[in-house]
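When a ligand or atom number is given, it counts from 1 through the structure's own listing order.
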Amino acid sequence: MGTIFNEKVIEDFMHMCHDGVRQGWHERNGGNLTYRMRPEEVEYCSRFFDKKPRDWVKMPVQADNLKNEFFITTGSGKFLENVELEPQKNIAIVEINDAGDSYRIVWGLEGGGRPTSEFPTHFMNHSIRKRVTNGENRVIYHAHTPFIIALTQVLPLKAEIFTRMLWKSATECCVVFPGGVGVVPWMVPGGADIAKATCAEMEKYDAAIWAFHGLFVSGPDFDTAFGLMHTIEKAAQIATYALAANGGKKPNQVITDDNLRAIGKEFGVVLNEEVLNYKSDDDMFC
Ligand code: 13P
Ligand code: ZN
């Protein structure tokens with residue numbers, strides 16, 4: 001009969017947690033990951049579900065297009081570092097009810113626990129990304145990425161300014177996130193308010209920076225979501241080094257807006273025009 005770990009999606013989920021840990025993004029219980037399961041994955045895993053599911057838990061958010069879906073989620077307070085070591089204690093599969101406003105654990109978190117405290121934000125953003133990508137998006141990932149967090153303490157908290165800096169940090173960044181990156185101001189983590197503020201950004205972008213906290217990304221699969229997180233954080237690292245190497249002053253030379261247009265043309269991607277045409281005295285990368 002095998003085990004639930006014969007299902008590739010469970011293995012891939014665990015692997016992504018480990019990849020994030022290797023990058024240094026998940027100190028202690030920092031960061032979280034959720035995945036909206038495909039029907040065939042639910043079917044295979046269901047034979048390993050608890051005989052008696054746990055109680056329904058009402059959420060502070062609701063989504064019609066996620067009724068009766070199943071998600072794999074990291075546990076609140078659990079260390080992503082421990083996911084590969086003891087997955088059954090650190091991750092769970094949850095089922096959403098008919099009303100789209102409650103979940104119950106059907107597998108995992110043995111010994112007790114609940115889904116990540118950011119589950120309301122993940123849930124609402126799954127709803128939005130499912131809608132705007134016609135069902136393609138399945139992964140939502142949050143990490144404590146140090147260079148992005150550092151730059152939110154230095155630059156104006158504006159999507160256009162951050163996106164232009166990240167696009168201009170290295171040549172191929174604009175190909176990976178041509179739509180740009182949103183910015184959410186500092187907010188208390190874990191509740192309905194940060195969920196709503198992040199949703200407003202994820203209507204337009206597939207990634208959002210959380211000021212002084214980290215980064216939140218979405219994608220159709222684990223590789224794409226991880227690659228987006230990695231590319232944005234690496235761009236922030238390069239920008240930090242470049243600003244520091246120049247004594248915090250505006251860089252002496254940058255990838256120009258016309259250079260960005262030429263990359264978009266060559267790679268066949270449409271860059272966000274609002275960001276491309278953004279002009280401000282606060283932009284150090286013009
Ligand atoms: P959880 O342990 O509840 O997932 O919280 C970690 C975190 O990064 C909150 O933003
Ligand atoms: Zn966090």
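At the shortest separation from atom 7 (C) of ligand 1 among protein heavy atoms lies Asn32 ND2, 3.4 Å. Nearest to atom 10 (O) of ligand 1 among the protein's heavy atoms is Glu118 OE2, 2.5 Å. For atom 6 (C) of ligand 1, the nearest non-hydrogen atom of the protein is Asn29 O, 3.3 Å. Ranking the protein heavy atoms by distance from atom 4 (O) of ligand 1 puts Thr116 OG1, 2.7 Å first.
Residues Glu233 and Ile148 share a closest heavy-atom pair of OE1-N, 3.1 Å. Contact between Leu166 and Ile209 at its shortest, heavy atoms only, is CD1-CD1, 4.5 Å. Considering all non-hydrogen atoms of both residues, Leu276 and Trp167 come closest at CD1-CZ3, 4.0 Å.
Here the angle at the Zn ion (ligand 2) defined by NE2 in His142 and NE2 in His144 stands at 100°, rounded to 10 degrees.
Taking the six-membered ring for Trp and the full ring otherwise, the centers of His213 and His144 sit less than 6.0 Å from each other.
Within ligand 1, the atoms closer than 4.0 Å to a non-hydrogen atom of Gly77 are 1 (P), 2 (O), 3 (O), numbered from 1 in the order shown. Numbered from 1 in the order shown, with element, the atoms of ligand 1 that lie under 4.0 Å from a heavy atom of His142 read 8 (O), 10 (O). Proximity to His213 (heavy-atom distance under 4.0 Å) selects the following atoms of ligand 1: 10 (O).
The aromatic rings of Trp25 and Tyr141 sit tilted relative to each other, their planes meeting at an angle between 30° and 60°.
A donor-acceptor contact closer than 3.5 angstrom is absent between the side chains of Thr116 and His122.
Close N/O approach between Gly31 and ligand 1 is found [any backbone or side-chain N/O within under 3.5 Å]. Checking only distances, His144 does come within under 3.5 Å of ligand 1, N or O to N or O.
Neither Val217 nor Phe71 shares a network with the other; the hydrophobic side chains, linked directly or stepwise wherever heavy atoms of I, L, V, M, F, W or Y lie under 4.5 Å apart, form separate groups for each.
Counting heavy atoms only, Ser117 comes closest to atom 5 (O) of ligand 1 of the residues Ser117, Pro189, Ala143, Gly75.
From Tyr278, atom OH reaches atom NZ of Lys158 across 4.5 Å, with rounding to the nearest 0.5 Å.
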